[in-house]
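In what follows, a single structure is set out as structure tokens and then discussed.
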Protein chains: 2
Amino acid sequence: MGEGVEWAVHCCLTLGWLGDDQPVSTARLAAGYELPPAYLNKQLQALVRAGILTSTAGARGGFRLGRPLDKITLLDVVTAIEGPDEAFQCTEIRQRGSGAESPARSFVAPCAVSTAMRKAELAYRRALAAQTLAEVKVAAERHVPRLEDSVRRWYGRG
Amino acid sequence: MGEGVEWAVHCCLTLGWLGDDQPVSTARLAAGYELPPAYLNKQLQALVRAGILTSTAGARGGFRLGRPLDKITLLDVVTAIEGPDEAFQCTEIRQRGSGAESPARSFVAPCAVSTAMRKAELAYRRALAAQTLAEVKVAAERHVPRLEDSVRRWYGRG
DNA sequence: GCCACGCTACTCGGATACTAAGTGTCCGAGTAGACCGGG
DNA sequence: CCCGGTCTACTCGGACACTTAGTATCCGAGTAGCGTGGC
């Protein structure tokens with residue numbers, strides 16, 4: 001999994017702490033985590049395409065949350081960055097070679113291996129979808145007191 | 001996720017159908033699924049290193065199951081092929097930049113993002129560990145009747 | 001006829017190229033605000 | 001003093017290099033069985 005996911009989640013949380021009053025530019029977000037600005041911008045563009053963020057161009061432009069954090073799940077972010085298709089891709093190798101002798105039943109019977117892998121991946125996606133960014137934000141604040149104030153202060157009170 | 005996982009699972013199932021009487025070479029397994037033999041051999045080597053398979057060199061050599069299929073989980077195969085480390089790697093970007101002002105608490109407080117992602121990935125691994133290759137084999141036989149006979153016949157009765 | 005030796009064919013195993021996805025960077029299009037001149 | 005136009009600075013957005021992981025291949029080390037020669 002690419003590291004863009006980590007960047008995206010942290011940036012969304014930061015946007016949540018700073019509030020939607022005014023957009024935050026890529027440069028400031030990148031400076032906050034010491035990330036390459038241009039590449040971070042690429043990831044944020046993916047979030048915009050997914051509707052998680054909204055972007056405003058021009059001077060004093062930047063990124064804003066597209067909807068409140070409790071309406072954004074971890075699955076939304078992962079899907080936006082990593083793409084919609086799941087990790088395990090069944091290439092139907094069972095139909096090649098020895099399985100080729102019976103082409104008739106090839107398309108009706110599901111691949112047992114694929115089914116088993118999909119079951120696990122579904123559990124993964126369910127666990128991701130069950131967690132909203134609002135919950136993650138609360139957990140972070142619970143671990144570190146005064147976190148929101150600290151962030152707002154660092155970014156120049158948002 | 002690499003396609004080697006699919007190859008590995010199918011090969012293990014085939015070895016289960018053929019029985020452990022005599023080892024099966026890479027060439028025959030590769031011919032059964034029309035896969036590149038040398039590369040498949042590489043994946044099988046990974047399974048041997050993980051203890052899932054045992055290899056015997058020399059003429060009439062090949063691969064055998066290291067233990068019965070009901071003692072091999074999907075997680076075992078995935079870990080053997082993809083490696084032990086999990087997909088999401090926390091690089092602790094929260095400590096860089098804005099978070100650097102408080103280095104003291106950096107190592108005590110866990111990263112909320114990492115915790116959330118790990119929770120999902122744990123669900124994934126649990127779902128993988130809950131399924132043994134024996135169960136997958138039974139499922140495949142349920143979908144396609146006479147499957148074992150068909151496989152044994154294609155491989156020259158094992 | 002039986003046994004020991006050597007030989008060949010076959011297999012795994014790791015070292016070596018090739019390809020694609022992920023990572024990182026740069027430059028152009030567009031906009032909002034600021035500055036300046038005129039009324 | 002107020003308003004409109006222009007101009008600049010800043011931002012997003014996509015197009016262009018670079019690096020690492022994954023894919024594919026080849027060749028060497030080692031072994032089991034078979035053939036051959038000797039006893």
Side-chain angles (χ1 to χ4, degrees), chain A residues 1-8 11 15 21-66 78 80-89 91 93 156, chain B residues 1-8 11 15 21-66 78 80-89 91 93 156:
Chain A
M1 174 174 294
E3 55 188 345
V5 173
E6 185 184 7
W7 301 1
C11 286
L15 289 177
D21 310 333
Q22 51 198 15
V24 183
S25 71
T26 301
R28 301 220 306 175
L29 285 172
Y33 295 110
E34 290 183 0
L35 301 175
Y39 190 33
L40 175 62
N41 185 21
K42 195 182 178 68
Q43 312 288 356
L44 297 178
Q45 285 177 32
L47 295 180
V48 171
R49 273 184 233 111
I52 297 174
L53 299 185
T54 61
S55 62
T56 63
R60 297 187 52 87
F63 294 92
R64 245 185 292 246
L65 287 174
V78 171
I81 301 293
E82 293 289 311
D85 47 353
E86 41 192 300
F88 181 84
Q89 293 286 346
T91 59
I93 65 172
Chain B
M1 174 175 292
E3 56 187 345
V5 174
E6 183 184 7
W7 300 2
C11 285
L15 288 177
D21 310 334
Q22 52 199 15
V24 183
S25 71
T26 301
R28 301 222 304 176
L29 285 172
Y33 295 110
E34 290 181 0
L35 301 176
Y39 189 34
L40 175 62
N41 186 21
K42 192 181 181 66
Q43 313 288 358
L44 297 178
Q45 285 178 32
L47 295 181
V48 171
R49 274 191 286 271
I52 297 173
L53 300 184
T54 61
S55 63
T56 63
R60 298 188 52 86
F63 294 92
R64 246 186 290 247
L65 288 174
V78 171
I81 300 295
E82 293 289 311
D85 46 355
E86 41 193 298
F88 180 85
Q89 293 285 346
T91 60
I93 64 172

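Each chain gets a letter, A, B and so on, in the order the sequences are listed, and its residues count up from 1. Keep in mind that what you see is a predicted model, and the values were worked out from it rather than measured.
OP1 or OP2 of C:dC12 sits under 4.0 Å from a side-chain N or O of B:Thr26. Taking 4.0 angstrom as the limit, B:Thr56 places none of its side-chain polar atoms (N or O) nearer than this to OP1 or OP2 of D:dA32.
Across B:Leu40 and B:Thr26, no two heavy atoms sit closer than the pair CD2-O, 4.1 Å. Nearest heavy-atom pair across A:Phe88 and B:Val5 is CE1-CG1, 4.3 Å. Scanning all heavy atoms of the two residues, the minimum distance from A:Leu15 to A:Phe63 falls at CD2-O, 3.7 Å.
What separates CG of A:Leu47 from P of D:dC12 is a distance of 13 Å, to the nearest Å. The CD1 atom of A:Ile93 sits 13 Å away from the P atom of D:dT23 (whole-angstrom rounding). Rounding to whole angstrom units, CD of residue B:Gln89 and P of D:dT20 are separated by 17 Å. Between the CZ atom of A:Phe63 and the P atom of D:dC10 there is a distance of 17 Å, given to the nearest Å. Rounded to whole Å, atom P of D:dC12 lies 14 Å from atom CD of A:Gln22. Atom CD1 in B:Ile81 sits about 18 Å away from atom P in D:dA21, given to the nearest Å. Between the P atom of D:dG14 and the CG atom of A:Leu44 lies a distance of 13 Å, rounded to the nearest Å.
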Side-chain donor-acceptor distances from residues 46-55 of chain A under 3.5 Å, at least two apart:
none

Inset, instruction - Go along nucleotides 14-29 of chain C 5' to 3' and tag each nucleotide: B for a protein heavy atom under 4.0 Å from its base, S when only backbone or sugar atoms are that close, - otherwise. - result: B--------BBBB---
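Counted by atom type alone, B:Glu6 and A:Thr91 present one or more donor-acceptor pairs between their side chains at under 3.5 Å.
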Inset, instruction - Using the side chain to side chain contact (heavy atoms under 4.5 Å, CB included) rule, take A:Val78 and A:Met1 through it: C-alpha gap first, then chi angles, then the decisive distance, then the call. - result: CA-CA 9 Å; A:Val78 171; A:Met1 174 174 294; 4.3 Å; yes
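Ranking D:dG13, D:dC10, C:dC10 by closeness to the B:Ala59 side chain, first place goes to C:dC10.
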